[in-house]
Amino acid sequence: MKNNILKNCILIISVIVIFMSIFACVNAAEDNSDLTMLSLSKGGLVIDYPSNWGYSESTSEYSIMALSKLDSIDSAGIGQVNINFEKKPMEGEFYSYVNDTYKSMQKDSSFELISSGGVMVGTMDAVEYIYTSTDDNGTKKEHKAVWFEKGGQAYVMLYSAPVDKFEDNLYVFDYMLSDIQIT
């Protein structure tokens with residue numbers, strides 16, 4: 001008798017979980033039904049991005065373009081959830097240049113390396129760094145940076161968001177990276 005009650009409870013809970021998952025997917029699809037994909041070509045890069053993201057300011061002097069989730073842009077025009085594309089003149093060998101960049105960042109006590117390693121951007125070898133840092137306002141952010149080389153230049157695509165918003169918006173970065181065109 002107890003086993004039957006337990007089995008029935010597990011079955012009911014499973015049905016509820018499935019129903020809630022379907023409901024969440026339907027709601028997510030409805031929430032994004034008015035989104036369109038836009039294109040941007042600048043500085044040797046061509047990217048597609050969703051219409052709930054837009055241009056924003058960047059604090060980097062090497063920035064080619066910066067895109068932010070529109071509802072995260074502050075009064076200074078800087079997005080708290082953003083993707084920044086940079087092109088830097090490279091000195092020396094690519095991998096040493098990138099790794100030296102993060103060695104110098106590790107001197108900052110707010111920097112915490114989560115992972116690093118090789119990845120692919122299309123058919124090109126690239127380097128990925130995932131880390132956290134705390135900004136001047138005390139906000140802890142998570143970052144995913146993917147570096148690649150083309151024509152003696154180091155390119156980096158950097159996604160940054162407050163830790164509690166990082167996973168929710170990571171799919172946009174991953175999509176842009178998978179679809180990026182380098183001219």
Side-chain angles (χ1 to χ4, degrees), residues 24-89 98 101-102 104-116 119 121-122 126-148 150 153-183:
C25 288
V26 168
N27 277 345
E30 288 173 4
D31 290 343
N32 292 325
S33 63
D34 61 340
L35 289 180
T36 57
M37 294 303 289
L38 305 171
S39 275
L40 180 61
S41 176
K42 195 171 179 187
L45 301 177
V46 179
I47 54 120
D48 293 328
Y49 62 96
S51 59
N52 63 341
W53 285 65
Y55 307 116
S56 61
E57 296 296 320
S58 172
T59 57
S60 170
E61 66 184 272
Y62 298 105
S63 183
I64 299 170
M65 62 181 127
L67 297 170
S68 297
K69 190 160 186 190
L70 291 175
D71 63 4
S72 80
I73 298 175
D74 64 20
S75 60
I78 297 174
Q80 299 308 302
V81 177
N82 66 39
I83 299 172
N84 192 34
F85 301 84
E86 297 181 10
K87 181 166 76 172
K88 298 181 176 187
V98 173
T101 298
Y102 290 93
S104 67
M105 290 172 65
Q106 289 177 346
K107 295 174 185 172
D108 182 346
S109 62
S110 75
F111 175 89
E112 182 181 338
L113 181 63
I114 296 171
S115 67
S116 65
V119 295
V121 174
V127 179
E128 175 184 275
Y129 274 84
I130 299 175
Y131 59 97
T132 61
S133 66
T134 305
D135 68 15
D136 294 338
N137 298 326
T139 303
K140 187 172 184 178
K141 289 190 168 186
E142 190 164 348
H143 312 273
K144 181 176 180 179
V146 176
W147 292 77
F148 51 93
K150 174 131 181 167
Q153 299 282 313
Y155 289 82
V156 63
M157 185 171 161
L158 174 64
Y159 166 55
S160 299
V163 172
D164 63 334
K165 293 181 170 88
F166 185 82
E167 288 297 326
D168 294 343
N169 297 285
L170 182 59
Y171 74 96
V172 174
F173 175 86
D174 290 339
Y175 172 78
M176 284 185 201
L177 185 62
S178 72
D179 195 52
I180 195 167
Q181 297 171 39
I182 305 150
T183 58

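For the single chain, residues carry numbers from 1 onward in sequence order.
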Next on the checklist: Please report the interatomic distance CE(Met157) to CG(Asp174), rounded to the nearest 0.5 Å.
Outcome noted: 8.0 Å
Next on the checklist: Restricting to non-hydrogen atoms, name the atom on Val81 and the atom on Ser72 that form the minimum distance, rounded to 0.1 Å.
Outcome noted: N-OG, 3.1 Å
Checklist outcome for this item: Between the CD atom in Gln153 and the CZ atom in Phe148, the distance rounded to the nearest 0.5 Å is 11.5 Å
Next on the checklist: Run Leu113 and Tyr102 through side-chain contact (heavy atoms from CB on, under 4.5 Å) and show every step you take.
Outcome noted: CA-CA 9 Å; Leu113 181 63; Tyr102 290 93; 5.6 Å; no
Checklist entry - Can you tell me if NZ on Lys165 sees more than 12 non-hydrogen neighbours from other groups inside 6.0 Å? => result no
Checklist entry - Counting distance only, does the side-chain N/O of Ser51 pair as donor-acceptor with the main-chain N or O of Thr36 below 3.5 Å? => result yes
Checklist entry - Can you check whether Ile78 reaches Ser56 side chain to side chain, under 4.5 Å on heavy atoms? => result no
Next on the checklist: Show the nearest heavy-atom pair for residues Tyr129 and Val98, with the distance to one decimal.
Outcome noted: CE1-CG1, 3.8 Å
Next on the checklist: For a quick test of reading the model, state the closest non-hydrogen atom pair linking Asn84 to Met65 and the distance between them.
Outcome noted: OD1-O, 3.1 Å
Checklist entry - What is the minimum heavy-atom distance between Trp147 and Thr101, and which atoms define it? => result CZ2-CG2, 4.3 Å
Checklist entry - Hey, are the side chains of Tyr55 and Leu67 touching, using non-hydrogen atoms and a 4.5 Å cut-off? => result yes
Checklist entry - Stepwise, does the side-chain contact (heavy atoms from CB on, under 4.5 Å) test hold for Leu177 with Tyr159? => result CA-CA 10 Å; Leu177 185 62; Tyr159 166 55; over 6 Å; no
Checklist outcome for this item: When rounded to the nearest 0.5 Å, the distance separating OG1 of Thr183 from CG of Leu45 is 7.0 Å
Checklist entry - Which heavy atom in Phe85 sits nearest to a heavy atom in Met176, and how many Å separate them? => result CZ-SD, 4.0 Å
Next on the checklist: Taking the side chain as everything from C-beta on, heavy atoms only, tell me whether Lys140 gets closer than 4.5 Å to Glu112.
Outcome noted: yes
Next on the checklist: With heavy-atom distances below 4.5 Å as the criterion, would you say the side chains of Leu158 and Ile83 are in contact?
Outcome noted: no
Checklist entry - Side-chain donor-acceptor pair under 3.5 Å between Asn137 and Thr139, yes or no? => result no
Checklist outcome for this item: Value for OH (Tyr131) from CD (Glu142), rounded to nearest 0.5 Å, stands at 10.5 Å
Item to check | Separation of His143 NE2 from Phe173 CZ (nearest 0.5 Å) | outcome: 12.5 Å
Item to check | Rounded distance (nearest 0.5 Å) linking atom CG of Asn169 with atom CD of Gln80 | outcome: 12.5 Å
Item to check | side-chain contact (heavy atoms from CB on, under 4.5 Å) assessment of Leu38 paired with Trp53 | outcome: CA-CA 9 Å; Leu38 305 171; Trp53 285 65; over 6 Å; no
